[in-house]
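Comments concern the structure below.
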Amino acid sequence: MLYFSAIHFLIMRSRSELLEVFSTFLQFEADRPQSWAADGRLRRNMQLALQQLPSPTAEHRSDRFWALYWHKAWQKNPTPTTPRNLPLEHLSAYLQETCYWSIHRMRSQFTNTQYGVSDCFQIAITRVQKILQGFDSSQGFALTNYARTLFSTTLRDALRQQQEVDICSTWALLRKTSQKRLTEALTQAGFSPLTIQHYCLLWQTFKALYVPTQATGTRQLPRPDDHTWQSILTEYQTQSIAEGLPPLNQAEAIPASAIATQANSATATSFAEPSNQRAANPIESKTLTPAAIEQSLNRCAQALRNYLTPNLISLNSPKSDDDRGEWQDTLADEEAEVSLLAELIVQEDYQARLEQYQVLENVLKTAIADCNEEVRSILQLYYGKSATQQQIAQQLGIQQYTISRRLTKAKEQLLKALVLWQASTMHHSPTPALLQTTGQLLDDWLYQYYRSQSEVLPV
Amino acid sequence: MLLSTYPIPDGSAQWSLTAGYQQSPDRWTAYLNQLAKAAIQPLLTEWFAPVPVRSIGSPAAQESQWSCVTGTPLRVGADRWLLLPTEQIDEDGIAIPQEWIDLPEWAVQAIVAVEVNPDEAQTRILGYTTPAQVKAKGQYHSSDRTYELAQNDWITDFAVFQLLQTEQLFPIQSESQTIPSATIPSAIAPLEIAQARALIQRLAPLPQPRLAIPFQTWAAFIQNPGWRQKFHCQRQTGELPRSIAQSISQWLTSGVQSAQDLLENSGLAGTGWDLIAPAPIAVRGPARSTPRLSKPLSIQGQPFELRLQSIAPQTWQFELHPAAGATIPPGYILRLLTEDLQPFEGNESIASQAVSMLYITVELEPGDALFWEIEPEPEAVDRELIQIE
């Protein structure tokens, strides 16, 4: 599928040549998509793969065929010992446009985000590995469908969270995190497992004992007063004994990365410690003070903020081209691999997948046609115009809850039709995880379907 | 697709509804639960119509539960759905308190995680799951006694969740699963009255009561609605509910308090009980000079009245009266149970044939409290402990 728009055509050319699709990466300039940067190695690898096909037809020069091929290649060896994971990189290249349009659409729904287009792209493109892990071609959907849902939800979550985090005080932010997120952020910041255990327990205690005392304005939750700090300290000590946590000793150093980021923090207390004090960790049972635990929670908040900042190192650059030697060494192995896979693809899956996709389209189109007119107009507004439930409610003069119900019922019908059909083509009975994915894919399919119907130019 | 938001109607009213909580953290818990309920109960009502979606228990019973642990159970047809409010803005993992997974009497069939944003007066449904899924995929944290279920294991689409439930595609809880910290048997061993009373005093002032004692003991404690109510009262007001005997005695001597105040002090406000002044003319039975408690009930669609009155010092009588001119059908039973839900001699009055009333007389010691029950079960009543003496 090619995406064009009057505005973007001038800036970003959509790719059409097969070799280009699987070997180039989007480059941004002044936060706009500007050009495609080529990776020579990937291009050569793609050429090589093409040459291995016994009898190439038009189908074999299609994007979808090669997406399937590289996905299978990746599945065969997801964590190779070679420095480069070529199937992964081919698919990262392939998914550049999908990623761009996903984030473009999602970003437009967040009007006051400080994340630029390039930032959003970076946030989303990190998900390629997860996409490949989760993609199951036998479900009947294309890789691009699946990728779109993951790119979109990743960015949606990041933008939502960033919006909230930006306007939250440290103490409000600590209340608004999950333990898993906190653990991830602390791990990324380089804290030891024992420190993380202690910090999590401290955080739990903080949350349990210190709450807002008014109905709204919770984002400005102020610093706890000294009396509250003392209560938190006492309860934290009680709980860490009850949990049998070994105390943190003085040898437990704060990781250097944590100190570096703390220096950038505008909200944390001063961490400009002289180097001979760096080894001291505030949570050391014998000398534990309210000030120490306050400092620790400030560290937690800082770790959370850093976690949400996009990785400024571009993951999206093509690799340098000076590994020619290595490439030649592995050439023989790759040839054998490629030829085997080509056979497999040609014999088994590709035709079946293409046909499957057609049938899936028909199943869903039939199911939509079976819905009544009101439901169809709700679907059209929700998926075609990206209207919110509230907006649709206003437009149609119905309660939001009723809109919600109609949408849910419609989705149930479509899902049932889809699941019934899938059951006949897949080899295992559906699991909750699989149906969760199906639900997301259905959402994406509906979006594409209604958009292609209603608009020539993307929003 | 953006997750749909559901507005909270009249958030400030919800805040004032929680004014009865003296402990700020408990008040905050109650507040978040009220907000989630206000936004999501109407939504579920719409989705499940015509099957009704109702609160479980009286407001007082729900409030006492929030002093113990977060979560709002709703009745959806024959099932119980748990609304679980959370303030977190990420969905990496959502924590479910152990009570909702391992306490058999509190079992629910579905859990809905609701992100509550009081500042924006908005809620979002983060996902749906079942306790079996939580046991199969969740990670247990002993430090706060929660099961944490990762983002990928929640179902975000209601349509998908419904399909999974109707097709029975969720994992079935296997008996061999054990919790990392302790094996929870299917029946929780009951507590003795003296133990429970001591726990009320010990736990009420603690910052995190639910973590202070082993889960088994805590479960047995909170599963008794009478003890939970007393704990809630002690924790939020600093004292236990006044007994009926004390309240009435004070009313008769000082005469200053209103009937409403009396009911509140005894923890019976808003539970349907009324305090009736002595009737000048005996309508049924001998003339009574002491005030009586009266509660209207509906049993199998017919109106009834439950009465409680002192007929002699430390001697009390429970009476079940039908509407004027009607009789109590044969097979009806009025039953009393001790504070620890045990029967005792003479605790039942059975209608072997149609009768004009059922009654049970009991002699009590100071400190005694009783549960009452009726068979067939009256509509919309909780199990209720009355602190009589």
Side-chain angles (χ1 to χ4, degrees), chain A residues 109 152-153 156-157 160-161 164-165 175-181 184 197 200-201 204-205 208-219 231 235 239 242-243 388-390 399-402 404-405 408-412 414-416 419 429-433 435-436 438-440 443-444 447, chain B residues 1-7 11-12 14-16 24-25 27-29 31 42-43 45-47 49 86-95 117-119 121 129 133 139 141-144 146 148 150-164 167 169-171 207-208 211-212:
Chain A
Q109 297 183 30
S152 300
T153 53
R156 178 200 72 198
D157 292 347
R160 265 188 58 221
Q161 287 154 32
E164 194 66 33
V165 162
R175 285 202 68 80
K176 286 174 185 267
T177 185
S178 68
Q179 177 157 335
K180 209 175 186 82
R181 169 62 60 96
E184 273 292 300
Q197 269 192 292
C200 280
L201 184 62
Q204 280 169 12
T205 312
L209 268 60
Y210 180 58
V211 296
T213 48
Q214 56 195 46
T216 56
T218 65
R219 290 169 177 139
S231 307
E235 178 69 1
Q239 292 304 324
E243 275 297 294
T388 63
Q389 289 183 11
Q390 281 109 318
Q399 285 254 339
Q400 187 200 344
Y401 291 143
T402 312
S404 176
R405 183 198 173 139
T408 299
K409 290 285 174 220
K411 279 196 78 181
E412 259 184 65
L414 296 175
L415 212 50
K416 271 205 189 113
V419 169
S429 57
T431 60
L435 277 178
Q436 162 71 0
T438 306
Q440 289 179 310
D443 255 336
D444 176 78
Y447 182 78
Chain B
M1 224 67 261
L2 286 184
L3 289 179
S4 295
T5 60
Y6 300 102
S12 51
Q14 313 297 340
W15 180 249
S16 37
S24 289
R27 180 175 194 180
W28 188 250
T29 299
Y31 179 55
L43 180 68
T45 303
E46 179 70 43
W47 284 354
T86 173
E87 295 165 82
Q88 67 193 63
I89 55 176
D90 67 85
E91 294 150 51
D92 292 6
I94 299 169
N117 190 327
D119 290 15
T129 192
Q133 179 82 337
Q139 187 192 357
H141 293 293
S142 58
S143 53
D144 63 355
T146 60
E148 191 178 45
Q151 183 171 18
N152 288 344
D153 294 319
W154 287 84
I155 303 298
T156 52
D157 202 314
F158 182 72
V160 173
F161 187 67
Q162 282 296 80
L163 192 61
L164 286 165
E167 302 296 314
L169 293 170
F170 276 111
Q208 298 186 88
L211 302 182

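In the text below, chain A, chain B and the rest are named by the order of the sequence lines, each starting its count at 1. Keep in mind that what you see is a predicted model, and the values were worked out from it rather than measured.
Formation of a donor-acceptor pair under 3.5 Å by the B/D90 side chain with backbone atoms of A/S178 is found in this model. Counting only distance, with no hydrogens or angles, the side chain of A/E412 and the backbone of B/Q162 share no donor-acceptor pair below 3.5 Å. Not a single donor-acceptor pair under 3.5 Å links the side chain of A/Q436 to the backbone N or O of B/D153.
With a 4.5 Å cut-off on non-hydrogen atoms, B/Q208 touches chain A through its backbone and its side chain both. Of the two parts of B/N117, only the side chain, counted from C-beta on, holds a non-hydrogen atom closer than 4.5 Å to a non-hydrogen atom of chain A. Proximity to chain B is limited to the side chain of A/Q389, based on heavy atoms less than 4.5 angstrom apart. Proximity to chain A (any heavy atom under 4.5 Å) is shown, for B/Q14, by neither the backbone nor the side chain. Residue contact with chain B, scored on non-hydrogen atoms closer than 4.5 Å, involves the side chain of A/L201 exclusively. At a 4.5 Å heavy-atom cutoff, the contact between B/T5 and chain A is made by backbone and side-chain atoms alike. Looking at A/E235, the atoms closer than 4.5 Å to chain B (heavy atoms on both sides) all sit in the side chain, from C-beta outward. Contact of A/A215 with chain B is made through backbone and side chain together, with heavy-atom distances under 4.5 Å. For B/L43, the parts lying under 4.5 angstrom from a heavy atom of chain A are both the backbone and the side chain. If you measure heavy-atom distances from B/A49 to chain A, the contacts under 4.5 Å come from both the backbone and the side chain.
The shortest non-hydrogen separation linking A/T213 to B/S24 is CG2-OG, 3.9 Å. Between A/P432 and B/F170, the shortest heavy-atom distance links the atoms CG-CD2, 3.8 Å. The shortest heavy-atom contact between A/L209 and B/P207 is CD1-CB, 3.7 Å.
Contact count versus chain B (heavy atoms, under 4.5 Å) is highest, among A/C200, A/P212, A/A410, for A/P212. Comparing A/T218, A/V419, A/T216, A/L414 by how many heavy-atom pairs each has under 4.5 Å with chain B, the most go to A/T218. The greatest number of non-hydrogen atom pairs below 4.5 Å with chain B, out of A/A208, A/P430, A/S404, A/A433, is found for A/S404. Annotation: maximal heavy-atom pairing with chain A below 4.5 Å, among B/Q139, B/E167, B/R27, B/H141, occurs at B/H141. For chain B, the option among A/K416, A/K409, A/Q400, A/Q197 with the highest count of heavy-atom pairs below 4.5 Å is A/Q400. Highest contact tally toward chain A, considering only B/D119, B/T156, B/T146, is held by B/D119 [criterion: heavy-atom pairs under 4.5 Å]. Per-residue heavy-atom pair counts under 4.5 Å with chain B were compared for A/T402, A/V165, A/T431, and the maximum is reached by A/T402.
The distance from the CG atom of B/D157 to the CD atom of A/Q440 is 8.5 Å, given to the nearest 0.5 Å. Expressed to the nearest 0.5 Å, how far CD of B/E91 lies from CZ of A/R160 amounts to 5.5 Å. Taken to the nearest 0.5 Å, the CG atom of A/L415 stands 5.5 Å off from the CG atom of B/L163. Taking CD from B/E46 and CD from A/Q399, the interatomic distance works out to 7.5 Å, rounded to the nearest 0.5 Å. The line from CD of B/Q151 to OG1 of A/T153 is 7.5 Å long, rounded to the nearest 0.5 Å. With values rounded to the nearest 0.5 angstrom, B/E148 atom CD is found 5.0 Å from A/K180 atom NZ.
In summary, of the residues considered (A/K176, A/R175, A/R219), a salt bridge (charged side-chain N to carboxylate O under 4.0 Å, His left out) with B/E87 occurs for A/R175 alone.
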>> Using the rule given for side-chain hydrogen bond (donor to acceptor under 3.5 Å, both in side chains), can you reason through A/Q239 versus B/S143, listing the C-alpha separation, both sets of side-chain angles and the distance that settles it, and then say yes or no?
In response: CA-CA 8 Å; A/Q239 292 304 324; B/S143 53; over 6 Å; no
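Between A/R181 and B/D92 there is a salt bridge, since a side-chain N of the basic residue sits under 4.0 Å from a carboxylate O of the acidic one.
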